[in-house]
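The structure displayed is predicted, hence computed values, not measured ones.
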Amino acid sequence: MPSCLVGLVPPPAALHLLLRRRCMASSSAPSRAFQLRLNPLTGDSEWLVVDEAEADGEAPATSQRKLLATTSYLDMLNDAARNRAYRRAIDAAVTDPSSRVLDIGAGTGLLSMMSARALENVGGEGKGSVSACESYLPMGKLTRKVLRANGMEKKVKIFHKRSDELEVGVELDSPADILVSEILDSELLGEGLIPTLQQAHDELLVKNPKTVPYRATTYGQLVESTFLWKMHDLHNNEANAADGIWLTPDGTERVVSVKPQQHAMQCDALEDEIRLLSEPFKVFEFDFWERPKSNRETKISIKTTGDGCVHAIISWWVLQLDSAGSIFYSTAPRWVRQSSIEDLPQDTKDWCDHWKHCVWFTQGRGAPVMKDQILSLRASHNLTSISYELLNTTDEAWSGNLKGDHLTLSPERIALYGDRYWRSALITVVKNALSDRSLSTCIVADDSIFLTLLVSSLSPSSKVIAMFPGLREKGATYIQAVADANNLSMDQIQVIGKKAASLTLDDLKQKKVNLLVGEPFYYGSEGMLPWQNLRFWNARTLLDSMLSKDALIVPCKGILKLCAMSLPDLWRSRCSLKDIEGFDHSVVNEILGACGNLPGEQQSPCLPYYVWQCGYTKIEFADVGICHGFAVWIDWVLDEKNSIVLSTGPDNRYWKQGVQLLSKPVEVSPANSAVHVEASFDPDSGELTFHSLFS
């Protein structure tokens, strides 16, 4: 397994941030949008300007390629079942030659072009119209390119605006009688479906319009899963660890928790670890053809199918795209789609990543149930989300008002903080460090609440300075809330709430630091590539002058590793586009970061994924197989003896890995195949670039 070692010592030159500021020169300047970009190694940010005047340029700016490559557009366009369902439903809806079609959230313009073609097929050219809006300017620029490539630029009117910025009599000649849209996320409502439909029905559509989709129905199912339990019940998991460090002391069990919401996750990967405790049940129906309500509540009676403990509700949705009820698209888990349950549309579709399943966690240890027990579930929704509460069980409703000392973390971080092995590794390293030296000043350089409490507990006489560059005041309030339960004095802990570049010896009262620690973890950076946590390396460099000569650094080094993998589902979802339902999309491949069959030596970008959720995967090639790309991660070496290592690789499901897909899959075998990799790492930007991948 190839690896690259990064020792946490100062690089040849200190890392720096180049700030760029651009502004409009006059009020007559073309339309512009601003995109915030974060430098992962410094935590600093800069505003990038996206200019509509560049829309006709042949080569998209590097910044735009990176931004759009991280979106779900490419995966969505590779979803053949979705594309086919929309095409059939649009053809069925457009029957009047004078139809006025409005496409909200046009993306590449695929649905707009389907609508324009359907109008032509019924003799509507020159009679009907197709208008589309796409508010995200980089995407809107790409829409125009796709329209031109298909000779549709005069058949579709595209506006770089939100739908609530459109006006009948200004952008639209008259109210639309057909609405096509695809503004759905994994939960269904998170992209603003309800307020968008409300405004469209109020301002942009005729009464009783046709819509594609026609209706969406959400479903749920009760499940038992130890893995899902660990992702939300930190209190009981750290009680099982029994190591004396309490992130959630008795009486403050919810002071650290997952956010009370549905969490998107590929639950097919957990099929063998999930025990179903009910049949699927219907939750809400949303009719696109009428104005939706902002809030609703319903109670559902559910008969359990076995004894167990309800740890979570897994949910999904089904689209009915046509009014006749013959065209469906489902995001249901594989075990539902392959079942013979009546009243649930059956379909077959490939793995895709743009729409996952959703998980709602019950509280604490879960809700114990017995077979054939009747449970009452209260479901409610607001403008953007759906929530659940099991009634008459140990599951408690979440209060909408969280206290000021409450921290919300990702399910993966909650599971990690409750993991006995992970906690034990850090405890062992800190204990060993204290066994042969006197500790006076320690800096926790990241946002680790665990290390702050750990060092303070094991070294009561030392001063612990928590930088908390992301948590800031939240972190300080949290530490105060749990200090007494951990027998700590707040005189011992100082929360700075600063980045390393802003720290001075005055903050340390002119004392040198003899222990610098980090997990590393930076609040709000969970979606980044794993090596971008080398921000800890940057912090160590900036703090070099404040460290004592014998200062101990934990972790002491990071090892960048990669392994070849078979990733057929992910590769298919990211492969280059050609014809989609009769429309050429090859112009989007470069800017959307496609892989496979690209001109020259173009490489798709390395993107962050939970590899275990990427459909079918295979690491060890015991037989002849196909290599689709590489998983890339960091192993953190905690001690100077290299005896304690925390890996963030594919076998560890609490971290994302970087995935670099090949331009062309390679057949490999353990006997006679080798894949050569050349890569470079830029310490200024935190970017890892693969220059060549070949066999």
**Request:** Carefully, step by step, assess Arg144 and His160 under the rule side chain to side chain contact (heavy atoms under 4.5 Å, CB included).
**Result:** CA-CA 10 Å; Arg144 293 188 183 278; His160 297 316; 3.2 Å; yes
**Message:** Could you go through Thr108 and Met139, starting from their C-alpha distance and side-chain angles, then the distance that decides it, and tell me whether this counts as side chain to side chain contact (heavy atoms under 4.5 Å, CB included)?
**Reply:** CA-CA 7 Å; Thr108 63; Met139 195 68 228; 3.4 Å; yes
**side chain to side chain contact (heavy atoms under 4.5 Å, CB included) evaluation trace for Cys352 with Ser573** = CA-CA 6 Å; Cys352 63; Ser573 76; 5.6 Å; no
**Request:** Dump the intermediate steps for side chain to side chain contact (heavy atoms under 4.5 Å, CB included) on Met231 and His263, then the final yes or no.
**Result:** CA-CA 11 Å; Met231 298 186 86; His263 297 268; over 6 Å; no
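In this structure the side chain of Tyr388 reaches within 4.5 angstrom of the side chain of Ser315, judged on heavy atoms. With a 4.5 Å cut-off on side-chain heavy atoms, Leu204 and Leu179 do not count as touching. Side-chain contact between Glu253 and Gln363: absent, with no pair of heavy atoms (C-beta onward) separated by less than 4.5 Å. Between Phe583 and Val146, every side-chain heavy-atom pair lies at or beyond the 4.5 Å cut-off. The closest side-chain heavy-atom distance from Leu409 to Leu234 is not below 4.5 Å. You'll find the side chain of Val256 reaches within 4.5 Å of the side chain of Ile414, heavy atoms only. Side-chain contact check for Trp612 versus Leu270: some heavy-atom pair is nearer than 4.5 Å. The side-chain heavy atoms of Phe281 and Leu222, taken from C-beta on, include a pair separated by under 4.5 Å.
A donor-acceptor pair under 3.5 Å is formed between the side chain of Glu134 and the backbone N or O of Gly107. Checking side-chain atoms of Ser72 against main-chain N and O of His354 turns up no donor-acceptor pair under 3.5 Å. Panel note: side chain Trp355, backbone Leu184; a donor-acceptor pair is recorded below 3.5 Å. Side-chain N or O atoms of Asp177 include one that pairs as donor or acceptor with a backbone N or O of Arg100 at under 3.5 Å. Counting only distance, with no hydrogens or angles, the side chain of Ser225 and the backbone of Leu228 share a donor-acceptor pair below 3.5 Å. One N or O on the side chain of Trp317 and one on the backbone of Asp185 form a donor-acceptor pair closer than 3.5 Å. A donor-acceptor pair is defined here as one N or O able to donate and one able to accept, closer than 3.5 Å; no such pair exists between the side chain of Glu187 and the backbone of Ser385.
Under the side-chain contact (heavy atoms from CB on, under 4.5 Å) rule, Ile313 has a single partner from Val223, Leu377, Val283, which is Leu377.
Residue pairs satisfying the side chain to side chain donor-acceptor pair (under 3.5 Å) criterion with at least one member in residues 191-201, sequence neighbours excluded, are listed as follows: Gln198-Ser294. Listed by first and then second residue, the salt bridge (Lys or Arg N to Asp or Glu O under 4.0 Å) pairs involving residues 284-295 are Asp202-Arg291, Arg215-Glu285, Arg215-Asp287, Lys282-Glu285 (not counting sequence neighbours).
Ring pair Phe521/Tyr523 is perpendicular by interplanar angle, where above 60° counts as perpendicular and below 30° as parallel. In this pair, Tyr219 and Trp316 present their aromatic rings parallel. The plane angle is below 30°, not in the 30 to 60° band.
Between the side chains of Asp353 and Tyr609, no donor-acceptor pair is found at a separation under 3.5 Å. Between the side chains of Arg337 and Ser330, no donor N or O sits under 3.5 Å from an acceptor N or O. For the 3.5 Å distance criterion, the side chains of Lys210 and Thr95 qualify, holding a donor opposite an acceptor.
The salt bridge (Lys or Arg N to Asp or Glu O under 4.0 Å) test applied to Glu412 returns no partner, not counting sequence neighbours. Residues forming a side-chain contact (heavy atoms from CB on, under 4.5 Å) with Ala116 (at least two apart in sequence, or on another chain): Val130, Met152, Lys155, Val156. Checked against ring pair (Phe, Tyr, Trp, His ring centres under 6.0 Å), His235 has the following partners two or more places apart in sequence or in another chain: Trp246. Looking at residues two or more places apart in sequence or on another chain, you find a salt bridge (Lys or Arg N to Asp or Glu O under 4.0 Å) between Glu273 and Arg653. With sequence neighbours excluded, the residues satisfying side-chain contact (heavy atoms from CB on, under 4.5 Å) with Ser380 are Glu297, Ser387. Arg296 is linked by a side chain to side chain donor-acceptor pair (under 3.5 Å) to His381, counting only residues two or more places apart in sequence or in another chain. Legend: residues meeting side chain to side chain donor-acceptor pair (under 3.5 Å) with Asp164, ordered by chain and number and at least two apart, are Arg162. Residues passing the ring pair (Phe, Tyr, Trp, His ring centres under 6.0 Å) test with Tyr417, sequence neighbours excluded: Trp422. For Lys127, there are no side chain to side chain donor-acceptor pair (under 3.5 Å) partners two or more places apart in sequence or in a different chain. Applying the side chain to side chain donor-acceptor pair (under 3.5 Å) criterion to Arg574, with sequence neighbours excluded, gives no partner residue.
The two residues Leu189 and Asn382 have their closest heavy-atom pair at CD1-O, 3.9 Å. Nearest heavy-atom pair across Ala93 and Ile178 is O-CD1, 3.7 Å. Residue Gly615 comes nearest to Trp351 through the heavy atom pair N-NE1, 3.3 Å, listed as atom of the first residue, atom of the second, then distance. Considering all non-hydrogen atoms of both residues, Gln221 and Pro280 come closest at NE2-CD, 3.6 Å. Nearest heavy atoms, Pro411 versus Phe361: CG-CE1, 4.0 Å. For Ile274 against Leu276, the heavy-atom pair with the smallest separation is CG2-CD2, 3.9 Å.
Separating the OG1 atom in Thr298 from the CZ atom in Arg378 is a distance of 10.5 Å, to the nearest 0.5 Å. From Lys474, atom NZ reaches atom NE2 of His406 across 10.5 Å, with rounding to the nearest 0.5 Å. Atoms CG and NE2, from Asn237 and His232 in turn, are 9.0 Å apart once rounded to the nearest 0.5 Å. The OG1 atom of Thr362 sits 10.5 Å away from atom CD of Glu224, with the distance rounded to the nearest 0.5 Å. For the atom pair CZ (Phe288) and CD (Gln320), the distance works out to 11.0 Å, reported to the nearest 0.5 Å. Note that the CG atom of Leu205 and the CG atom of Leu102 stand 6.5 Å from one another [nearest 0.5 Å].
Salt-bridge annotation for Asp447 and Arg413: absent, with no side-chain N of the basic residue lying under 4.0 Å from a carboxylate O of the acidic one. A salt bridge does not link Asp75 to Arg82: none of the charged nitrogens lies less than 4.0 Å from a carboxylate oxygen.
Within a 6.0 Å sphere centred on NZ of Lys230, other residues, nucleotides and ligands contribute 12 heavy atoms or fewer. Other residues, nucleotides and ligands place more than 12 heavy atoms under 6.0 Å from the CD atom of Glu526.
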